[in-house]
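Note sheet for the following structure.
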Number of protein chains: 2
Amino acid sequence: MTSTFYENKDSFLVAVDCIIMGFRDNELHILITRRQIEPLKGGLSLMGGFVNAPESIDEAAKRVVGEFTGIEDIFMEQVGAYGEINRDLADRVISVAYYALVDIEQFDTLLAKKYDARWARITMLPDLIFDHKKMVRDTINILQRKAAIKPIGFNLLGEQFTLPTLQSLYESIYQETIDKRNFRKKLLTMDILEKLDEKDKSSSKRGAFYYQFNKEKYDQLIEQGMHFSL
Amino acid sequence: MTSTFYENKDSFLVAVDCIIMGFRDNELHILITRRQIEPLKGGLSLMGGFVNAPESIDEAAKRVVGEFTGIEDIFMEQVGAYGEINRDLADRVISVAYYALVDIEQFDTLLAKKYDARWARITMLPDLIFDHKKMVRDTINILQRKAAIKPIGFNLLGEQFTLPTLQSLYESIYQETIDKRNFRKKLLTMDILEKLDEKDKSSSKRGAFYYQFNKEKYDQLIEQGMHFSL
DNA sequence: CCAAAAGTGTTACACCTACACCCATGA
DNA sequence: TCATGGGTGTAGGTGTAACACTTTTGG
C-alpha cells in the first residue's frame, strides 16, 4: 500500500481471531481447530485469518466465521486488539479478537471435517496457541457482564427452547447454579417470552414447554425504560 | 518487516488514539488537540500516534499519553480497534483506542501549549475528526459500566478529595444527579475511605473534610467477596 | 409403580429511594 | 446576620435469595 501522507511509518500484519461459541449438552462450547500452517502447525487454535486490504476488520471477522461455520448473519462483537510484540511466534502480527454467538444446530459439520474443527467445552478447554486462551478468558468476562444486561443468550439457541435449557445456558455462562423458581419467576414476569403449545420430550418423560423470545416486546419494553438484568 | 511464514499478506498502518480524561470544575473533560499534520491539519482530534515496530500497542498508547501530558504511571485500558476502510481520509489506517484516567493537576501545561492541547467538557464536546467522536462515545459507555463495579474513579482525583467532589465526579460520569445522603451513606458504609482531619475550604465557608481512598482495605474486602457497586 | 425432570409460592432480608432540616463559617 | 455549601436519619417499597413439595409420564 502506498502512503501519500503518512510516510516512513511501520506497517503490520493484522489478523482476526474468532471465539465462536455454541451451546450444547447444557454447556457452552467453543469452536477450535488444528492450525493448518506453520508455525505451530497442528496446534490447537481459534478460528482466524488475516485481514485483507479491501475489507474492514469487522468484515474480515464475518468472513472468517462464515468460512469456518457456514453460518451467515451472526451475532458478533469485538473483544479487543492484541498487540504484544511476540504474541505470534513467526512474525509481528496484531490480532483483533471477536466473539460470535451461534446456534450450534446450524453449524455445517462438513466444514468441521474440512477444517478439523471441533467444539470444546469451556470448562475443559485445552491449551491453545499464542495468546488465544487469554482471548477466550477475556471473552467469557465480557459475555458474563453483557449477558446480564442484554438478552444476547438467545443467539445461542434456536427459535424455540425450553426454560430448563435457558436456565442451564445462563448457569453455564455464569458458572454457577441458579434457583429454578427464582429464574422462572424473573423471566416470566419480564414478559418477553412466549409460551408455545408444543413440548420438548427429549430430556424428560413429562416434557417441557417450548418458549420463544419476543424481540418486538423486548424492544418495546426497553423503549419504555425497562432494565433487563439476569 | 520481512515475513518468514506469512507471505503475500497485506499489511497496515496501525495507530493508537487516546481518550485522556480528567476531572475539573465538577465535570469530566477530555484532552483534545489541533492536528499537526495533513490531512485535516488543524482539525480537532484526540491525542494519537502511529505504532512503531519495536513496541506493543499498549506501549505505544502509554508513550503517546506520556508525550502529550507529561504524566507517567497512568490508568489506561483499551477501548477497542477501529478498522473501517475509509475511517482515515488519507490512507488505510487501523486505530486502537485507549482511554486514560488522569489527575488533571499533574498535567503539564507547558506541553499543552506545545501541542495546542486543551481540555474540553464532555457535555460540550466539539466535533472531532474521523471516527474520534465515536471512540469517545464508546469510552463513556465503558466508563459508566466500569465505574459502577470498580473504583476507577479515584484515578481522576488527587490523593485526597472531598465527598462533594467525589459525588460530582460520579454525577458527571453517569450524567445524572445523585442524592447526597444516599451517596455518602453508601460510600461510608463500604468502609474504603479514610477521613482526614483537614478540610477543603476552597468551595465553601464551612469547608468539606478530605478523604482518601484506602486501596489495601478495598483489596482486602474484594478478597472476602464484597461487591463494589456505585 | 417408580424414577426423573418439570413445574409451582411464600417469606425474610437487604438494598435502594425519596425526602427536609440544621450546621459551620466568611464576608 | 445571612448566604452558601456541608452534613445528617428514617421510613416505605422493591427486588433478591432461600427454601420443598407436587405433577407428569415413559419404561
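Proteins come first, then strands; the chains are lettered A, B, ... in the order of their sequence lines, and each starts at number 1.
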Quick one: do Arg87(B) and Asp17(B) make a salt bridge, cutoff under 4.0 Å?
-> yes
Could you tell me whether the side chains of Ser168(B) and Thr165(B) share a donor-acceptor contact shorter than 3.5 Å?
no
Can you confirm whether more than 12 heavy atoms, excluding those of Gln224(B), are under 6.0 Å from its CD atom? yes
Parallel, tilted or perpendicular, as decided by the 30° and 60° cut-offs, for the rings of His132(A) and Phe130(A):
perpendicular
Leu187(A) atom CG is separated from dG15(D) atom P, nearest whole Å, by 16 Å
Counting only heavy atoms not in Gln36(B), do more than 12 sit closer than 6.0 Å to its CD atom? yes
Taken to the nearest whole Å, CZ/Phe209(B) to P/dA24(C) is 10 Å
Protein-proximity profile, nucleotides 17-27 of chain D, B/S/- by nucleotide at the 4.0 Å heavy-atom cutoff, equals BBBB--BBBB-
Separation of dG7(D) atom P from Gln167(B) atom CD, nearest Å, is 11 Å
Applied to residues 135-153 of chain B, the side chain to side chain donor-acceptor pair (under 3.5 Å) test, sequence neighbours excluded, yields Glu77(B)-Lys146(B), Tyr82(B)-Asp138(B), Lys134(B)-Asp138(B)
Atom CG of Asp200(A) and atom P of dA5(C) are separated, to the nearest Å, by 13 Å
Rounded to whole Å, the CZ-C1' distance (Phe183(B) to dC15(C)) equals 17 Å
Hey, is NZ on Lys199(B) packed in by over 12 heavy atoms from elsewhere, all under 6.0 Å? yes
| task | Salt-bridge test for Asp58(B) and Lys62(B): reply yes if a basic N is under 4.0 Å from a carboxylate O, no otherwise. | result | no
Bend of the helix from dC1(C)-dG27(D) to dC15(C)-dG13(D) from end-axis comparison, five pairs per end, nearest 10°, comes to 10°
- Message: Between Glu216(B) and Gln220(B), is there a side-chain donor-acceptor contact under 3.5 Å, judged purely by atom types and distance?
- Response: no
note: Ile178(B), atom CD1; dT17(C), atom C1'; distance rounded to Å ~ 13 Å
From CZ of Arg184(B) across to C1' of dC22(C) the rounded distance in Å is 14 Å
Separation of dG7(C) atom C1' from Tyr210(A) atom OH, nearest Å, is 17 Å
_What contact category does Thr162(B) fall into here, base, sugar-phosphate, or nothing, at under 4.0 angstrom with non-hydrogen atoms?_
nothing
